[in-house]
Amino acid sequence: MTIEVTRRGLVAGASGLLLAGCDKINGSASVQKLLGLGERATYSAQRLVSDRTALAPEFSLAQMSPLFRVNGNDMPASDDYAAHLASRFADWRLVVDGLVARPLSLSLDQLRAAPRRTQITRHDCVEGWSAIGQWTGTPLRLLLQQAGIRSSARYVVFHCADDFDGTPYYESVDLVDAFHPQSILAWGMNGQPLSVPHGAPLRLRAERQLGYKQAKYVMRVEAVNSLAHLYGGKGGYWEDNAGYQWYAGI
Ligand SMILES: Nc1nc2c(c(=O)[nH]1)N[C@H]1C(S)=C(S)[C@@H](COP(=O)(O)O)O[C@H]1N2
Ligand SMILES: [Mo]
């Protein structure tokens, strides 16, 4: 805090000089440097206190990757999912339950009619590839607020329709990520309905997290107090089965 205030003072002083309207000072390398230093120092001091809630970078349409890779499962194997796909998810419902006052059951039409956010972000997979794509969906915090998430809840779990050799895929985030403005349940990608390989009908985009946290084929969102009683107890499929870190913040 002390550093932040001091640097702000410096920047304010330097801006005062610029406002005085001296072209030579304005263009001088030392003033530019001073401004840059102030900005960086303020920024890093800021990040010490608000790192978790900072926004992930967003990109322009022109920066989007021509091809967004598909990774992991590209189609859930269950009969249930096949039936939903055949009826274009007309009877599909997203369930929001667990530690909530009012459990929700929402159709895809209801989600599409709800307030939405569109963001163009970079997806980073631990296997060594990245891609920039555009995602449209319902802010997760709105659903949690509508459901009346209880104060005893500490994590939000995403239950998926797919599995690896019979072990279901799932993921979880804490409430900082669940309420982050760029955490959405996306039903659209690159201006189209979300495709099956990318997680139709609904997937998580939590933009401050690595690729494996971005659960596809989300069927149920459950608010819980602890992750210990779920599946392998480590909060996610890859966390349980391959030792991936639960906190995969970027
Ligand atoms: N349900 C489910 N979600 C998943 C996966 C998966 O296999 N099943 N793979 C994860 C991994 S490792 C990555 S990199 C991304 C890939 O998303 P994409 O196929 O849209 O590129 O989804 C993540 N979410
Ligand atoms: Mo990944």
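Counting starts at 1 for both ligands and their atoms, in listed order. Residues take their numbers from the sequence shown, with the count starting at 1.
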Task: Which residue and heavy atom of the protein sit nearest atom 13 (C) of ligand 1, plus the separation - done: G211 O, 3.5 Å
Open item on the list: One residue to check: H198. Relative to ligand 1, which of side chain, backbone, both or neither has a non-hydrogen atom less than 4.0 Å away?
Closed with: both
Task: Passing candidate, salt bridge (Lys or Arg N to Asp or Glu O under 4.0 Å) with E58, options R205, R122, R117 - done: R117
- [ ] Please identify which atoms of ligand 1 are closer than 4.0 Å to at least one heavy atom of C160.
- [x] 1 (N)
Open item on the list: For atom 21 (O) of ligand 1, what is the closest protein heavy atom, and at what distance to 0.1 Å?
Closed with: R69 O, 2.6 Å
Open item on the list: Using heavy atoms and a 4.0 Å limit, tell me yes or no: is H123 in contact with ligand 1?
Closed with: yes
Open item on the list: Checking contacts here: is it the side chain or the backbone of W129 that comes within 4.0 Å of ligand 1, counting heavy atoms only? Could be both or neither.
Closed with: side chain
Task: Under 3.5 Å donor-acceptor, S226 side chain and A228 backbone - done: yes
Task: Heavy-atom nearest neighbour in the protein, as seen from atom 24 (N) of ligand 1, with distance rounded to 0.1 Å - done: Q214 O, 3.0 Å
Task: atom 7 (O) of ligand 1: the protein heavy-atom neighbour that sits closest, reported with distance to 0.1 Å - done: N73 N, 2.9 Å
Open item on the list: I'd like to know if the side chain of Q134 reaches the main chain of T118, judged simply by a donor and an acceptor atom lying under 3.5 Å from each other, with no hydrogens or angles considered.
Closed with: no
Open item on the list: Using a plain distance cutoff, I'd like to know if N71 has any nitrogen or oxygen under 3.5 Å from a nitrogen or oxygen of ligand 1.
Closed with: yes
Open item on the list: Looking at ligand 1, would G133 count as a contact under a 4.0 Å heavy-atom criterion?
Closed with: no
TODO: List the closest protein heavy-atom neighbour of atom 19 (O) of ligand 1: residue, atom name, distance to the nearest 0.1 Å.
DONE: K216 NZ, 2.6 Å
Open item on the list: Hydrogens and angles aside, do Q209 and Q214 bring a side-chain donor and acceptor to less than 3.5 Å of each other?
Closed with: no
TODO: Answer with yes or no whether A215 contacts ligand 1, where contact means a heavy atom under 4.0 Å from a ligand atom.
DONE: yes
Open item on the list: If I compare all heavy atoms of I184 with all of G137, which pair ends up nearest, and what's the gap?
Closed with: CD1-N, 3.6 Å
Task: Proximal atoms of ligand 1 relative to G72 (non-hydrogen, under 4.0 Å) - done: 7 (O)
Task: Proximal ligand 1 atoms for C125, defined as those under 4.0 Å from one of its heavy atoms - done: 14 (S)
- [ ] Go through the steps for Y244 and Y212 under the test ring pair (Phe, Tyr, Trp, His ring centres under 6.0 Å), then give the verdict.
- [x] CA-CA 9 Å; Y244 285 22; Y212 59 90; 4.7 Å; yes
Open item on the list: If you take the centroid of each ring, where Trp contributes its six-membered ring, are W135 and F68 closer together than 6.0 Å?
Closed with: yes
- [ ] For the pair K213 and E239, find out whether any cationic side-chain nitrogen is under 4.0 Å from an anionic carboxylate oxygen.
- [x] yes
TODO: Of the side chain and backbone of R203, name the one, both, or neither that has a heavy atom under 4.0 Å from an atom of ligand 1.
DONE: side chain
Task: Pair Y170 + Y237: ring centers closer than 6.0 Å - done: no
Open item on the list: Quick test of your reading of the structure: of F68, Y169, Y212, whose heavy atom lies closest to atom 9 (N) of ligand 1?
Closed with: Y169
Open item on the list: Please list, in number order, the atoms of ligand 1 under 4.0 Å from a heavy atom of Y217.
Closed with: 1 (N)
Task: Ionic contact status for R93 with D91, cut-off 4.0 Å - done: no
- [ ] Around atom 1 (N) of ligand 1, find the nearest protein heavy atom and jot down its residue, atom name and distance.
- [x] D162 OD1, 2.7 Å
Open item on the list: Would M189 count as a contact residue for ligand 1, given that I'm defining contact as a non-hydrogen atom of the residue lying under 4.0 Å from a ligand atom?
Closed with: no
Open item on the list: If you apply the rule ring pair (Phe, Tyr, Trp, His ring centres under 6.0 Å), what do you find for W238 with F164, and how did you get there?
Closed with: CA-CA 10 Å; W238 290 112; F164 287 101; 5.6 Å; yes
Open item on the list: Is the distance between the ring centroids of W92 and Y81 under 6.0 Å?
Closed with: no
TODO: Just let me know how P197 lines up against ligand 1, side chain, backbone, both or neither, with a heavy-atom cut-off below 4.0 Å.
DONE: backbone
- [ ] Assess F164 for proximity to ligand 1: is some non-hydrogen atom of it under 4.0 Å away?
- [x] yes
Task: Sidechain N-carboxylate O distance under 4.0 Å for D177, R52 - done: yes
